[in-house]
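Below is one structure, written out as C-alpha cells; the observations come after it.
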Amino acid sequence: MKTEILDAVESKNLKENMPHFEIGDVVDVHCRIQEGDKTRTQIFNGTVIARSGRGINETFTVRRIVGQEGVERIFPLHSPNVLDIKAVRSGRTRRAKLYYLRERTGKSVRLAQRHSDHTVKN
Amino acid sequence: MAMLLGKKVGMTQVYNESGSLVPVTVIQAGPCVVMQIKTGDSDGYDAVQLGFEDVKASRRKMPQVGSAKKAQTVPKRFVREMRLGDGEASDYKPGDSITVSVFSDGGMVDVIGTSKGKGYAGVMKRHGFGGFPASHGTERKHRAPGSIASYASNAGHGAGPKKGKRMAGRMGGRLVTGKNHELLSIDEDRNLLVVKGSVAGPAGGYCIVRSAKKR
C-alpha cells in the first residue's frame, strides 16, 4: 500500500519512452546544460559500465578516456536534463558491472563489438 | 485558515522544472469529517472539530461514539480541532466532509507530527553536545556533559544548576511543527498532498496539515 502510493507519485516524473541501451554499449548522452540564462545540449560519449537503482533513483555510469585520463559520469536516468541516450555501438560483455575497465588502458579498454539491432549504427 | 488531518505515507523524490531532484514527503490527508462546531457561546471559543479514519465503534469509548452519532458519522481514530480566530465564522456543518481541495498548489503549509521516540538519550544525541576526545587520556567520559555548575559560575551555584540546563533525558515522541513546507502537488483522486522536505514521525504516523501561519 505504502510503496504503491509512493510509486504513483514517482511515476509522474518517470520518462515514458526510455531509449533502450545495454551494459557495454557505447552511447551518446545528450544532456541539457544551463549557462547563465542560455541552455545548450552537450553530448557525452562513452561506454556504459553500470546501471543501478530503481524507479526515480535509477542511474547509469558512462566511462570514457579523455587524453590518458579516465572520466566517469553518473547520470540519473529520469532526469529532465538527460534529453536522449543513443546507443552507438554494442559491446560483448559477460557481466553487469564493467568496473574492471577502470584498471585497463590503451587498446584493452575496448570491448569486442556485438552487432545488435538496438544500436543506431548496427 | 485550512486544516486537514492525515497520515504520513513516506518520502520520495521528484524533479522540479530546473531538473534538480527535490526530497518530498507524501501525506494522505483526509477526507476529514466535521465532528462538531464549537462556538464562543456554547464552549467559550470557536473551533471546528475534525475526524480522520473510521474505526469500529467497539474500539472507542461511549462519549466518542455518541459524539460521532450526533454528526451522523462513525467514530474516528484521529480527532483534532481547528481553532478559528476572533470573528472568523465557519460555514461547515457537522457531518461535512473536507478533502485536499481546501489547499491550493504552490501554497505553503505547516505539518505537525509526533516525532519518533528515541528513549532516554544522552546529551550528545539530544542536544548536540561535543563530548570528550576518544583518546589523549580521556577515561570513561567520552560522551559526558561536562560541568553543569560550580560554586561560583554563570552556569548556576548555591541552589544548584540553573533551570533549563540541558541534560540527558527522554527524547522524541513529542509534537513537532514543520513550518512553511512548499506544497508541490495535490492529488484529489487519491487524497494525497506532496510536501517539500521531511515531516516529523514514522511512515504511517498521524499528522496535521494546516495552511502556513507565518508567511
Has B:K69 got more than 12 heavy atoms of other residues, nucleotides or ligands less than 6.0 Å from its NZ? no
Quick check on the structure: residues of residues 16-44 of chain A within a heavy-atom distance below 4.5 Å of chain B, by number. A:R32
Answer yes or no: are there more than 12 heavy-atom neighbours, outside A:R92 itself, under 6.0 Å from its atom CZ? no
For residues 45-76 of chain A against chain B, heavy atoms under 4.5 Å, the residues are A:I56, A:N57, A:P76
Near B:R170 CZ, under 6.0 Å, is it more than 12 heavy atoms from other residues, nucleotides or ligands? no
CG of B:L21 to NE2 of A:H78, rounded to nearest 0.5 Å, is 11.0 Å
Does any non-hydrogen side-chain atom of A:I5 lie less than 4.5 Å from one of B:R190? yes
Of the non-hydrogen atoms in A:E10 and B:Q13, which two are nearest, and what is the gap between them? CG-O, 4.2 Å
Tightest non-hydrogen contact, residues B:M11 and A:L6, listed as O-CD1, 3.8 Å
B:G19 to A:S79 - nearest heavy-atom pair and separation: O-OG, 4.1 Å
Proximity breakdown for B:V14 and chain A, heavy-atom pairs closer than 4.5 Å: both
For B:V194 and A:K12, run side chain to side chain contact (heavy atoms under 4.5 Å, CB included): C-alpha distance rounded to whole Å, both residues' side-chain angles, the deciding distance at 0.1 Å, then the answer. CA-CA 12 Å; B:V194 178; A:K12 286 175 199 157; 6.0 Å; no
For residues B:N16 and A:P80, report the shortest heavy-atom separation together with the two atoms involved. O-CG, 4.4 Å
Might you confirm whether atom NZ of B:K38 has over 12 heavy atoms from other residues, nucleotides or ligands at distances under 6.0 Å? yes
Non-hydrogen atoms of chain A under 4.5 Å away: do they reach the side chain of B:S20, the backbone, both or neither? neither
Measure the NZ-OH distance between A:K15 and B:Y15 for me, rounded to the nearest 0.5 Å. 7.5 Å
